[in-house]
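Letters A, B, ... mirror the listed sequences (proteins, then strands); counts begin at 1. Below, all heavy atoms of this structure are taken into account, side chains as well, without hydrogens, waters or symmetry copies.
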Protein chains: 2
Amino acid sequence: MKNEPQKPSDLSAQIAQAIRDAIISGELIVDERLPSEAELSDQFQVSRPTVREALKRLAAQSLIRTQRGASGGAFVNRISFEDAYSQQVTTSTLLLSMNAISFDTACEARFALERACAPLSAQRRTADQLATMRAEIFRQSQPGLTDEAFCSSDVAFHRALVDGAGNPVLSYQLAGAVEAMQPLMNMITFTARSREEIIGLHNRIANALEAREEAKVDAALVELENYTRRLAQDVAQQHRKPA
Amino acid sequence: MKNEPQKPSDLSAQIAQAIRDAIISGELIVDERLPSEAELSDQFQVSRPTVREALKRLAAQSLIRTQRGASGGAFVNRISFEDAYSQQVTTSTLLLSMNAISFDTACEARFALERACAPLSAQRRTADQLATMRAEIFRQSQPGLTDEAFCSSDVAFHRALVDGAGNPVLSYQLAGAVEAMQPLMNMITFTARSREEIIGLHNRIANALEAREEAKVDAALVELENYTRRLAQDVAQQHRKPA
DNA sequence: TAATTTTTATTTGTCTGACATTTAAAAGTC
DNA sequence: GACTTTTAAATGTCAGACAAATAAAAATTA
């Protein structure tokens, strides 16, 4: 854990980086206790508030956790898929909403990624995952369902599809992407979408997965992508000439 | 920007969450200036150090940036692809190294994702991107190249492939994944890999992209995946019986 | 008047020192 | 030996101060 590798400003950022590097390099291992704030103050020759600001930066990235009391302190955190996933969703959501990503671009990326795990899912999906998808389809066909509930069920359906691949790395990457794009999707297709059409395609996906037919899963996903993009184009068209 | 929606501890985390929510909801927009630290202290009824810890948490996520001096302050940051990308690499790298992800799992995910953008890349790759890939292949075939340099060239090659899809969202997602997995890849294949074999496959990929033949790109990627996984199995075998 | 320099006010960055709170371990008690 | 009390160590929070940067206002000068 060396001391100052950066340009001269923002001590707390420098210290955070030094500790971060130590964690990434393996110099500090999971569940290892960092020196106390007082000791870090001495080591880095800064005050305790500065050290604390550095530690809070690391805590925000889930790199450490802190515990109060005797034998408490800051500990290197084992980053869980949940941690990584929720961080990715936050970041990706803002990234998309702040950078004027076109619906088409987001949609293309989303379905490209989803189709990537369709073959694996066709091979490996469990009965449980299939049941989840069926249950979500059932929810989606309930008459009184709000738009919000329909969308969240939509996300759950696709999440089950992705989880079917049985690869936690894929699930982490894809679920983050799908969820981050959902607000963008919803905003455009909220009013225009036909639930029947979507439910029909969901059913085709579920049936294809049940029969473990990769090609049919892929075909249904392609249709869903085309339908979604067509929808968005229609909505855009209407916005241009609202007469 | 409401005040306390959480359980009673870690004020700085609560305040950070409140501001984070305000940014995500759009209540605070890009480049908008937050109240000064003193004003936030008043609003949230906490001391300035506590406010500062909250702001540092947000800065660690690239949600805000700060500027000193008169008319300085904390501003809502427009998250760039670079920000999101580097954060994702850090998180994903640690996620993989801390959770005993098997090489096979990581490898499967990586190539599944990469194959997802191969068709798009075949359609859209620019002459420039193709030239980048050729240049990296050339580097890889230089005799005196260190293992580290070979690996970083490998990453650059695949990055160009991904960028060829012309979809920044895909590039962001994929490049993060590929780069995060590279250390894991290298660790296992460093000594055992045959550069000739890999360069041959890279050439096949580049040729297929030049001819815009999706199927051939995919086939070459599948072969590269199989080769890589076979390699890893061999290495694992040797470790078990080192005689 | 116009350009330049100086001053000033505001804001973040950092430090010192203190107290509150939590928690595990040590000491004491029955 | 089991339980209670005390103690010490650590993080969480606060108050007040000064340093440094920076933009705007004021003063100065050509």
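Separating the CG atom of D10(B) from the P atom of dT21(C) is a distance of 15 Å, rounded to the nearest angstrom. I64(A) places its CD1 atom 14 Å from the C1' atom of dG12(D), with the value rounded to the nearest Å. Rounded to an integer number of Å, the gap from CD1 of I15(A) to C1' of dG13(C) is 12 Å. The CG-P distance, from D42(B) to dC14(D), rounds to 12 Å in whole Å. One can place CG of L11(A) at 16 Å from C1' of dT16(C), the figure rounded to the nearest angstrom. Atom-to-atom, CZ of R57(B) to C1' of dG12(D) comes out at 11 Å; the value is rounded to the nearest Å. The distance from atom CD of Q45(A) to atom P of dT14(C) is 15 Å, rounded to the nearest whole Å.
Donor-acceptor pairing under 3.5 Å is recorded for the side chains of D163(A) and S171(A).
The 12-atom threshold is exceeded at CG of D104(B), counting heavy atoms of other residues, nucleotides or ligands nearer than 6.0 Å.
Salt-bridge check for E108(A) with R229(A): passed, with a basic side-chain N closer than 4.0 Å to an acidic carboxylate O. Residues R65(B) and D31(B) are paired through a salt bridge, judged by an N-O separation under 4.0 Å between the basic side chain and the carboxylate. Under 4.0 Å is where a charged nitrogen must lie from a carboxylate oxygen, and between R57(A) and E53(A) no such pair does.
Side-chain contact between Q61(B) and T91(A) is absent, with no heavy atoms from C-beta onward closer than 4.5 Å.
Neither OP1 nor OP2 of dG12(D) sits under 4.0 Å from any side-chain N or O of S12(B).
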Within the sub-3.5 Å range, which N or O atoms of nucleotides 9-12 of chain C have a protein N or O partner, and how far apart are they?
unit_1, atom_1, unit_2, atom_2, d
dT10(C), O2, A70(B), N, 3.0
dT11(C), O4', G69(B), O, 3.2
dT11(C), O2, G69(B), N, 3.4
dT12(C), OP2, E37(B), N, 3.2

